Amino acid sequence: MIELSSVQHGILKIPSLQIPPGSTVIIGPNGSGKTTLLKIIAGIVTPHPGTVLIDGKSPAAVDTGWLNEYPDRNLLFGTVSDEIASPLRFRYDTCPDARTLVDSVARESGISHLLGRRTRDLSGGEKVLVSLATAMVTGPLVLVLDESDSHLDQESTNTLTRMITDSQATYLVWCTQDMEAATCADHVILLQGGMVTRYGTPVEVFTELTGDCLYPLSWRLSKNAPPV
Amino acid sequence: MPLLFEDVSYTREQFHFTADALFEEGVHLVSGKVGSGKSTLAFIASGLVQPGAGAVRHTQIRKSLLSMQFPEYHTTGITLNEEVRSWGLDPDAILSSTRLSGRGEQDITILSRGELKRLHLGCVLSCDADLLILDEPFSALDCREKRAICRKIVERGHGTVIICTHEQTWLPPVDYIWEMRDGTLVSCGRVPAAISRWSLAPRHIKDLVERGLAPGNISPEAVMEATCRTRE
């Protein structure tokens, strides 16, 4: 369980929040605190005041894969293969082991053809796919993705969804502005003005939002949409 | 204010781009898979990248403007006020219209990415450009902002707008649809006929076409109208 208590940081004010294992999506308007919450869960930011525990441990003590909403801020190395291999090299994997894992994650991500490319020459969507592969290559316990789908086409989004669904991560916490994608999560957190205003399954949360543009268009159009 | 791509080609390493197309006055949607060449098209159309062969010609275009997909690439000011002034615009008016009033002296780097995109597009759409090229204008925006951007594009009512995007839901009514297919620009034609030829159409639009309920345009309003349309 990811447990937040008495968190106040920047715009965020979260007295208490428990995130169970599985896929949890954070939605909300621009500037509502989604990125701040994700950074706190990823251990990039320490809240003052507030406590965050992941299975009883500090986020800094947990293996976490992180994907920044600014695609260029994820990329450190000159070539795609070096970029994906970097978390493995930082933990002193042998070169043959690292190469095997890089080839494997690239194949699963459908980006094997990019391995020899320079990172600076990638398109926006390609940068996201490479960064996601890098975040996943160590098989982290927690995978935190900040709007990873905002530069992807539908096919790539499907690939990304499959990758993160198939990943070994116990906790997948992500945010998106694509409400169709949000309906696929196990849990939805709606943030507004830094506060959690809705939390539940997609049906529970979106049923309360039928008059809002957040309500998924496919549910409006479908005869088989969940009851409203 | 047409924009003509005359047998244009451009090569970078393994990637090869070709386009032979005429962009008439109106709103054009360009869709394409990741890495298919949408941003290259935007750069060539704006003159920032010169084609290796062929030519880009235009008439009656006094001013063109490219909005790159990453708003951080455009940032030159330290504060929000400085950033707006760098566009030659009035900070109070722009910050008010982008719901950022009272934050003019804040460091621009503390904005969320969606807020930065909102500020950037507020500036872009306040400039009176005859040719406006928007590369992924909807990324990072929430649904209210996406709707607002769609409204502003419609309200322009003149000139040529080229929108390169992956957005699946919040799209403005458009006049033409194009696809980038492995580096080649392909015309789907003029809307509404283009919709049934649009291979990368969002799932909900494809479903309507397959059910014989093709919408008159690609905006959510047109899609809802098609869904609720009564048949004779």
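Lettering follows sequence order; numbering is per chain, from 1. Nothing here was measured: the structure is a model prediction, and the numbers come from that model. The basis for the numbers below is simple: all heavy atoms, side chains too, and nothing from hydrogens, waters or symmetry mates.
Around the CG atom of A/D212, the shell of radius 6.0 Å holds more than 12 heavy atoms that belong to other residues, nucleotides or ligands. The neighbour count for B/I110 CD1, taken as heavy atoms of other residues, nucleotides or ligands under 6.0 Å away, is above 12. Residue A/K13 places its NZ atom among 12 or fewer non-hydrogen atoms of other residues, nucleotides or ligands, all under 6.0 Å distant.
Among B/S31, B/P220, B/S112, B/S36, the residue making the largest number of heavy-atom pairs under 4.5 Å with chain A is B/S112. No other option in B/L208, B/L200, B/T227 has as many heavy-atom pairs under 4.5 Å with chain A as B/T227. Between chain B and the residues A/L114, A/L122, A/D72, A/D178, the most heavy-atom pairs under 4.5 angstrom are made by A/D72. Counting heavy-atom pairs closer than 4.5 Å to chain B, the top-ranked of the candidates A/P216, A/C175, A/S123, A/G33 is A/S123. Most heavy-atom pairs under 4.5 Å with chain A, from the set B/Q168, B/R118, B/E136, B/R12: that is B/Q168.
Only the side chain of A/S156 comes within less than 4.5 Å of a heavy atom in chain B; its backbone stays farther off. Residue B/S39: no heavy atom, backbone or side chain, is found under 4.5 Å from chain A. Residue contact with chain A, scored on non-hydrogen atoms closer than 4.5 Å, involves the backbone and the side chain of B/E115 alike. With a 4.5 Å cut-off on non-hydrogen atoms, B/Q69 touches chain A through its backbone and its side chain both. For B/L141, the parts sitting under 4.5 Å from any heavy atom of chain A are the backbone and the side chain alike. Neither the backbone nor the side chain of B/I205 has a heavy atom closer than 4.5 Å to any heavy atom of chain A. Proximity to chain B (any heavy atom under 4.5 Å) is restricted, for A/E147, to the side chain, taken from C-beta onward. Heavy atoms closer than 4.5 Å to chain B are found in both the backbone and the side chain of A/D121.
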- request: Quick one: do A/K127 and B/F70 satisfy side chain to side chain contact (heavy atoms under 4.5 Å, CB included)? Show the steps, please.
  value: CA-CA 12 Å; A/K127 286 176 181 174; B/F70 299 154; 4.2 Å; yes
- prompt: When you look at A/Q154 and B/R203, which way does the side chain to side chain contact (heavy atoms under 4.5 Å, CB included) test go after all the steps?
  reply: CA-CA 9 Å; A/Q154 195 55 49; B/R203 186 68 256 166; over 6 Å; no
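By the salt bridge (Lys or Arg N to Asp or Glu O under 4.0 Å) test, B/E167 is found to be paired with B/K146, residues two or more places apart in sequence or in another chain being considered.
Within residues 92-106 of chain B, no residue has any heavy atom closer than 4.5 Å to a heavy atom of chain A.
Within the 4.5 Å cutoff, the side chain of B/K33 has heavy atoms near those of the A/E155 side chain. Residues A/L221 and B/M224 have side chains in contact (heavy-atom distance under 4.5 Å, counting atoms from C-beta outward). Two residues are said to be in side-chain contact when any heavy atoms from C-beta on lie closer than 4.5 Å; B/E13 and A/R118 meet this criterion. Annotation: side chain of A/C213 is in contact with side chain of B/R144 (closest heavy-atom distance under 4.5 Å). Taking 4.5 Å as the limit, every side-chain heavy atom of A/L217 sits out of range of all side-chain heavy atoms of B/W170. Side-chain contact between A/Q177 and B/E145 is absent, with no heavy-atom pair separated by less than 4.5 Å.
The OG1 atom of B/T169 sits 11.0 Å away from the CZ atom of A/R220 when rounded to the nearest 0.5 Å. A/I27 CD1 to B/D142 CG: the interatomic distance, rounded to the nearest 0.5 Å, is 11.0 Å.
Contact between A/Y70 and B/L111 at its shortest, heavy atoms only, is OH-O, 4.0 Å.
The backbone N or O of B/A140 sits less than 3.5 Å from a side-chain atom of A/N30, completing a donor-acceptor pair. Side chain of A/D153 to main chain of B/H166: no donor-acceptor pair is present (N/O by atom type, distance under 3.5 Å, no hydrogens or angles).
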